[in-house]
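We name chains A, B, ... by the order of the sequence lines, and we start the count at 1 in each one.
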Amino acid sequence: MQFMLALISLVVPLYLDPGSGSTLLQLLIAGLLGSLFLIKLYWKKVISIFNRSQSNPDKNPSDDENNHSQTDQ
Amino acid sequence: MMKTITAKPINSSYRDPCGFVFSTKEGIFRQINLLGQDNYDALLDSGLYHRLIEEELLIPHQETTAPAYLPEIAYKVIKPEPIPFVSYPYEWSFGQLKDAALLTLEIQKIALQYNLSLQDASAYNVQFHRGHPILIDTLSFEPYQEGKPWVAYRQFCQHFLAPLILAAYFHTHFGVWLQHQLDGIPIPLCSHLLPPTSYLNLTVLVHIHLHSRAIRRFTDLPSKETVIPGEPRVSKTGLLGIIDSLDTGINKLKWQPDSSEWLDYEIIHSYSPESIQSKTALIESYLDETQPKTAIDIGANTGRFSRQASKRGAYTISLDSDAAAVDRNYRQCRQDRQANILPLVMDITNPSPALGWDNQENLSFTDRSPCDVILALALLHHLAIGKNLPLERIAQTFSGMGKWLIIEFIPKDDRQVQLMLSSRQDIFASYNQTDFEYIFGKYFTIVHHNQIENSPRCLYLMRSNHIRFK
């Protein structure tokens with residue numbers, strides 16, 4: 001951990017204030033947590049598509065389009 | 001424009017150079033300074049303000065022509081919707097602080113969609129209004145700059161995450177810690193206190209333990225050793241990832257108090273069905289007679305009788321020293337969408353003091369308490385016998401707190417009082433109904449006195465003789 005933070009301190013330009021540790025931590029964790037966030041988002045999308053097809057097994061996918069067009073009219 | 005003679009700034013509102021809150025006899029106003037003009041305009045012009053108002057996440061306000069307090073630096077004066085009772089994070093239950101934390105994160109997520117960001121994340125910027133938490137600081141937003149880390153991250157962790165995690169791990173309430181640490185719990189202290197098993201929790205590992213290491217590693221370094229030209233970068237996805245990680249971690253936190261003296265009180269209390277019905281009916285008749293707009297229920301437990309007052313339109317502060325009972329009360333209020341009950345953790349024998357700079361930032365409970373009716377049900381014996389408080393002192397204090405008092409007298413031969421006296425010497429000669437009526441009669445006019453059916457207990461309706469309520 002100390003190695004990673006030290007590495008960041010070499011490449012990150014910051015005027016350090018008492019909150020500098022918190023700022024540097026965000027630089028360190030943003031990549032990992034951002035990736036996890038994206039994976040979670042896509043996973044949710046996959047699950048929702050799967051759930052939709054499970055709950056309407058007989059439904060023709062084109063029904064959705066038909067319904068939309070009817071609503072729009 | 002001249003400031004009105006009666007206008008005075010709110011003592012807790014001095015940190016933000018973009019504006020401040022002041023009060024006049026017309027109510028509470030917020031002055032937006034010229035320095036805050038861009039941020040305020042961005043909030044409104046971006047559409048974020050309307051989105052947050054629509055979702056009841058931010059306090060609504062009206063722009064007014066009321067005189068500014070400091071006109072030479074004023075851009076606008078706004079009048080926020082009034083909050084009936086200002087409470088502080090150290091008075092909230094676990095569920096209340098958790099909901100306030102999730103509200104702050106939700107607002108930050110939405111703000112980023114509008115290219116704005118919270119520039120602070122203070123728990124004191126949240127109040128409970130209409131039964132749910134709401135952000136009250138209209139000036140908390142600044143334009144989001146691509147690549148900039150969240151400036152309020154550390155404050156959020158200190159004000160919300162650390163107390164919630166400590167409460168969850170140690171099965172206790174965070175009130176005392178937050179009362180002594182007005183800027184939240186220092187992250188290194190929180191990290192130091194947590195057990196080694198907490199390293200297995202990703203939220204705790206990242207936002208407390210690694211955060212603590214980062215703070216200790218970099219805070220004391222001379223700036224010339226660490227400043228390197230260029231721009232720090234946290235992508236928006238990265239920022240959303242940090243917020244989502246906090247949100248997920250806080251959502252998962254559960255609080256299970258070790259023991260609660262009062263949670264089972266409703267189940268084991270010493271009323272028969274007839275007596276509880278009689279007590280309820282008497283309280284209803286007293287409330288109908290007094291028509292209170294505001295009420296304080298002291299020792300409310302899970303808020304059974306607070307609901308009686310609130311159903312009659314009284315904004316009711318529902319106090320108990322047992323954080324578990326207050327938490328259950330709060331969760332029930334949220335579930336029932338009770339808009340006018342505010343459950344708070346408060347020991348009436350040691351109420352919240354005045355805190356902060358000059359003891360004027362956070363008001364004491366006494367300064368906030370005057371109301372129309374005080375409910376003191378099944379409470380007197382705990383104060384007089386449990387805490388050795390003289391009846392005179394109790395009567396004196398209650399008479400200054402509310403115009404009306406609904407109080408229950410529980411005689412010495414009651415099972416609960418006997419239980420309290422079983423382990424100690426009875427030094428309470430004046431704890432009897434005659435002395436009670438005599439002493440309280442000095443501070444109140446006794447309007448009604450009714451025996452609760454099938455019970456040795458009595459209910460009184462009294463009107464305060466205090467000069468404040470003349």
Side-chain angles (χ1 to χ4, degrees), chain A residues 1-57 59 61 63-73, chain B residues 109 120-121 147-158 161 183-184 186-188 191 199 202-203 205-249:
Chain A
M1 172 63 201
Q2 283 199 345
F3 167 74
M4 293 176 82
L5 286 172
L7 188 68
I8 281 176
S9 73
L10 291 174
V11 295
V12 173
L14 267 185
Y15 172 75
L16 296 182
D17 57 24
S20 54
S22 306
T23 305
L24 284 166
L25 179 75
Q26 290 183 72
L27 302 179
L28 174 71
I29 62 179
L32 172 71
L33 295 181
S35 308
L36 288 175
F37 175 64
L38 284 180
I39 292 167
K40 193 170 145 184
L41 273 187
Y42 287 119
W43 180 247
K44 275 185 180 171
K45 275 186 187 169
V46 170
I47 293 291
S48 69
I49 291 165
F50 181 72
N51 283 344
R52 213 180 302 155
S53 59
Q54 282 279 55
S55 59
N56 302 308
K59 194 175 171 186
D63 285 351
D64 274 337
E65 288 172 27
N66 294 335
N67 287 338
H68 281 305
S69 60
Q70 281 166 11
T71 312
D72 291 342
Q73 289 162 10
Chain B
K109 274 190 271 185
D120 49 21
K148 190 181 170 189
W150 188 23
V151 290
Y153 171 68
R154 180 177 179 172
Q155 189 178 39
F156 179 87
C157 291
Q158 291 187 168
L161 186 67
D183 204 18
I187 302 304
S191 171
Y199 279 82
L202 183 66
T203 306
L205 173 69
V206 172
H207 301 292
I208 299 294
H209 293 307
L210 293 187
H211 196 172
S212 165
R213 297 285 290 274
I215 288 169
R216 281 186 287 142
R217 170 75 177 79
F218 289 100
T219 298
D220 296 330
L221 281 180
S223 57
K224 63 180 179 184
E225 283 185 22
T226 45
V227 174
I228 293 168
E231 280 295 321
R233 290 200 62 83
V234 171
S235 69
K236 200 179 233 186
T237 308
L239 198 51
L240 286 168
I242 292 170
I243 294 159
D244 184 68
S245 158
L246 289 166
D247 190 278
T248 308

(Q) Is there a side chain to side chain contact (heavy atoms under 4.5 Å, CB included) between A:Ile29 and B:His211? Walk through the geometry before answering. (A) CA-CA 10 Å; A:Ile29 62 179; B:His211 196 172; over 6 Å; no
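- Residue B:His207 holds its NE2 atom at 11.5 Å from OG of A:Ser22, rounded to the nearest 0.5 Å.
- Proximity to chain A (any heavy atom under 4.5 Å) is shown, for B:Thr237, by both the backbone and the side chain.
- Residue A:Leu25 comes nearest to B:Val206 through the heavy atom pair CD2-O, 3.6 Å, listed as atom of the first residue, atom of the second, then distance.
- B:Leu210 contributes atom CG, which lies 7.0 Å from atom CG of A:Leu28 (distance to the nearest 0.5 angstrom).
- Heavy-atom minimum distance, B:Pro149 versus A:Thr23: CG-CG2, 3.6 Å.
- Residue B:Ser235: no heavy atom, backbone or side chain, is found under 4.5 Å from chain A.
- Rounding to the nearest 0.5 Å places CD1 of B:Ile242 at 11.5 Å from CG of A:Leu36.
- Note that CG of B:Asp244 and CG of A:Leu41 are 7.5 Å apart. Values are rounded to the nearest 0.5 Å.
- The heavy-atom pair separating B:Arg233 from A:Leu27 by the smallest distance is O-CD2, 3.4 Å.
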(Q) Evaluate A:Gln26 against B:Val151 for side chain to side chain contact (heavy atoms under 4.5 Å, CB included), listing each step before the verdict. (A) CA-CA 10 Å; A:Gln26 290 183 72; B:Val151 290; over 6 Å; no
